[in-house]
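Since the structure comes first, as structure tokens, the remarks are kept for the end.
So that the names make sense, note that chain A is the first sequence line, chain B the second, and so on, each numbered from 1. Note that the structure is predicted; figures quoted are calculated from it, not measured.
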2 protein chains.
Amino acid sequence: MTFQWTLKSFKNQRSDIVKEKGSQVVGCKIILMTGLGGRTQASSKSGGMSRIQEKNRNLILDAALGEFSKKGFSGATVERIAAEAGMSKSNLLYYFTSKEAIYNATLAHILEVWLAPLKTLDPQGDPAKELAGYIRQKIEMSAKFPEASRLFANEVMQGAPQILPILQTDLKRLVEEKAGVIDDWINAGKLRRIDPVHLIFTIWATTQHYADFSVQIRALTGRDLSDPEFLKQTEDSVTSLILNGVGLNWPLEDEEQG
Amino acid sequence: MTFQWTLKSFKNQRSDIVKEKGSQVVGCKIILMTGLGGRTQASSKSGGMSRIQEKNRNLILDAALGEFSKKGFSGATVERIAAEAGMSKSNLLYYFTSKEAIYNATLAHILEVWLAPLKTLDPQGDPAKELAGYIRQKIEMSAKFPEASRLFANEVMQGAPQILPILQTDLKRLVEEKAGVIDDWINAGKLRRIDPVHLIFTIWATTQHYADFSVQIRALTGRDLSDPEFLKQTEDSVTSLILNGVGLNWPLEDEEQG
DNA sequence: TTGCATCTTGACCATTTGGTCAAATATCTC
DNA sequence: GAGATATTTGACCAAATGGTCAAGATGCAA
């Protein structure tokens, strides 16, 4: 249940991540296939890619994530990405046909992992535990992958030029499904009546805020999620606020149910 | 208590806005003066500016807000801003010495209004009413000035290159002051013990989310804050979630206290 | 109307930057 | 090790873009 992936090992690990609690794997795969053109074949297993190709593509994607998340699409330059990846611009363009192609590949690279936590929300589970777990996962994501969060935020704020179709289809389906789960909990009297979609938005907003606005948070508090203590504090505050907000007790009284 | 300003009349009205509940006017002015270079003299009253200068500067600032919020600083072009403002690029550069100068002026133009709501949080008031009012104001802002929200978000996400000093000084002071107010409420037993700074962050995050991610929200729900019904729904959901989250009753039982 | 200051613009420039290409250079296969 | 294939790079190009400038147009005060 701990998050140990590093960005370097993103690619190798993410299939495992998705398989955990294997329920929505299909939807997840679909997401990757839809729209974004990068890595037509050999999308997950690096099959058909030479050792050197595999290595360089990963170097590029890592560098690109840093650059795009820091500067946005327009502000990023392929030259800098190439430098960061330790190769010439020409060479980078040997692996990706254009700046936009790098960008799309980077987005695709992330999207899957980024949306994974919501999929783990279990209709059978205890609402308080499930929601608390989801919130914790999302904050953990913001802590470990703030660049991914900012890249995603940037893309959406610019009007989601690349991923709009995915939002409208796959993500929409997923949100509707999980909103249904929450609604069932509500109808079962397990939590206060509240619009589940807004609840999901609130969880997204609060958790991602700490990554996207980390500079502001550091300016105001002197700390950010990279500080373990601040991370815990944030987890507690957000979780207690939201759980109490939906009428659930928090912290959980330790497992007293027989 | 309703928000009727349009962007066109931004400049003329904001002094009034700030004066309402006049407590923090000084801090507010300071904010404008700090750092951002735009409009050295004649900052509020358009004194010393010709009729034509006043008109054109406003045209430019309006156009710039649209362009910068849509494309980010790097993605924006002075040519497009000029076109949108109905003048030639050369002419625009007669009014602002550089792209960066336009950007800073636009930020300054907004910042004051953007931070105003927090200043109205009244230590003497009823906590539930005060917090609900603050949340409502923030959502209203997101509804009326989504571009301003996105501009601000963009700036902060890029590392706040222009406004970092302001965040570290003026905004920090303001947040500390208002966190103190909330803490007093907590110590008076009026609301559940929770970190007030995280509470403020949560309110910012949730309310601004609806502006910054409006494309995603439209993709998922088919609506956004420009729809009055959705606006009301959002206000209710967010307010009830947060107020219940801090242990306050919502909706307010109508004024039963003697 | 005249003369001055303000305003406006097109032509122009320098830089940045995404992308191409042909010529090396390394790697792999036999 | 020869030859084919894959990788790497510097030189180069065209377009986009921020900014300058001199000259012309407009507004305004007397």
Side-chain angles (χ1 to χ4, degrees), chain A residues 37-42 46-68 70-107 158 161-162, chain B residues 37-42 46-68 70-107 158 161-162:
Chain A
R39 294 170 305 147
T40 36
Q41 11 91 292
S46 77
M49 257 199 258
S50 75
R51 191 177 41 80
I52 197 166
Q53 210 164 119
E54 160 101 22
K55 182 195 69 174
N56 281 341
R57 289 181 96 99
N58 280 333
L59 282 174
I60 292 169
L61 289 180
D62 285 350
L65 176 59
E67 175 77 359
F68 283 128
K70 215 164 306 187
K71 309 292 190 83
F73 178 79
S74 320
T77 79
V78 285
E79 180 100 44
R80 265 197 303 260
I81 297 174
E84 179 69 26
M87 68 187 70
S88 69
K89 185 176 63 162
S90 313
N91 199 21
L92 183 151
L93 287 166
Y94 169 74
Y95 289 101
F96 291 92
T97 60
S98 70
K99 184 185 183 182
E100 209 187 337
I102 312 172
Y103 181 70
N104 281 337
T106 311
L107 268 178
Q158 309 290 311
Q162 307 298 328
Chain B
R39 292 171 308 148
T40 36
Q41 11 92 295
S46 76
M49 257 200 255
S50 75
R51 191 179 41 80
I52 197 166
Q53 208 164 123
E54 160 101 22
K55 183 195 67 174
N56 280 341
R57 289 181 94 99
N58 280 334
L59 282 176
I60 292 169
L61 288 180
D62 286 349
L65 176 59
E67 176 76 0
F68 283 127
K70 215 163 305 182
K71 310 291 190 84
F73 178 79
S74 322
T77 80
V78 286
E79 179 100 45
R80 265 197 303 259
I81 297 174
E84 180 69 26
M87 69 187 69
S88 68
K89 184 176 64 163
S90 314
N91 199 21
L92 183 150
L93 287 166
Y94 169 74
Y95 290 100
F96 292 91
T97 60
S98 69
K99 185 185 182 183
E100 208 186 337
I102 312 171
Y103 180 70
N104 282 337
T106 311
L107 268 178
Q158 308 292 309
Q162 308 297 329

Original post:
Hey, does B:A82 reach any base, or is it just sugar-phosphate, or nothing, if we go heavy atoms under 4.0 Å?
Top reply: nothing

**OP:** Test side-chain contact (heavy atoms from CB on, under 4.5 Å) on B:T77 and B:K71 and set out the steps.
**Re:** CA-CA 9 Å; B:T77 80; B:K71 310 291 190 84; over 6 Å; no

Tell me: [atom1] of [X] to [atom2] of [N], nearest whole Å?
| X | N | atom1 | atom2 | answer |
| --- | --- | --- | --- | --- |
| B:Y95 | D:dG19 | OH | C1' | 18 Å |
| A:N56 | C:dA26 | CG | C1' | 13 Å |
| B:E79 | C:dA11 | CD | P | 13 Å |
| A:K55 | C:dT27 | NZ | P | 9 Å |
| A:F96 | D:dT7 | CZ | P | 13 Å |
| A:R80 | C:dT16 | CZ | P | 12 Å |
| B:R57 | C:dC7 | CZ | C1' | 14 Å |
| A:E54 | D:dA6 | CD | P | 17 Å |

Original post:
Does the side chain of A:F96 reach to within under 4.5 Å of the side chain of A:N104, using non-hydrogen atoms?
Top reply: no

**OP:** Classify the angle between the aromatic ring planes of B:F73 and B:F68 as parallel (below 30°), tilted (30 to 60°) or perpendicular (above 60°).
**Re:** parallel

**OP:** Working to the nearest 0.5 Å, report the span between CD1 of B:I52 and OH of B:Y95.
**Re:** 5.0 Å

Subject >> Atom pair CD1 (A:I81) and NZ (A:K99), whose distance is rounded to the nearest 0.5 Å >> reply: 7.5 Å

**OP:** Please determine, for the side chain of B:K89, which listed nucleotide (C:dT8, D:dG10, D:dG19) has the closest atom?
**Re:** D:dG19

Original post:
What nucleotide, of D:dG18, D:dG10, C:dG19, holds the atom closest to the side chain of A:S98?
Top reply: C:dG19

Phosphate contact ([N] OP1 or OP2) by [X] side-chain N/O below 4.0 Å:
| X | N | answer |
| --- | --- | --- |
| A:Q53 | D:dT7 | yes |
| B:Y94 | C:dC7 | yes |
| B:N91 | C:dC7 | no |
| A:R51 | C:dC28 | yes |

Original post:
Pick the nucleotide of DNA chain D nearest each of B:I52 and B:S74; which residue has the one closer to the 5' end?
Top reply: B:S74

Subject >> Position toward the 5' end of DNA chain D (nearest nucleotide), B:T97 or A:L92 >> reply: A:L92

Subject >> Under-3.5 Å donor-acceptor pair between B:S90 side chain and C:dG10 base >> reply: yes

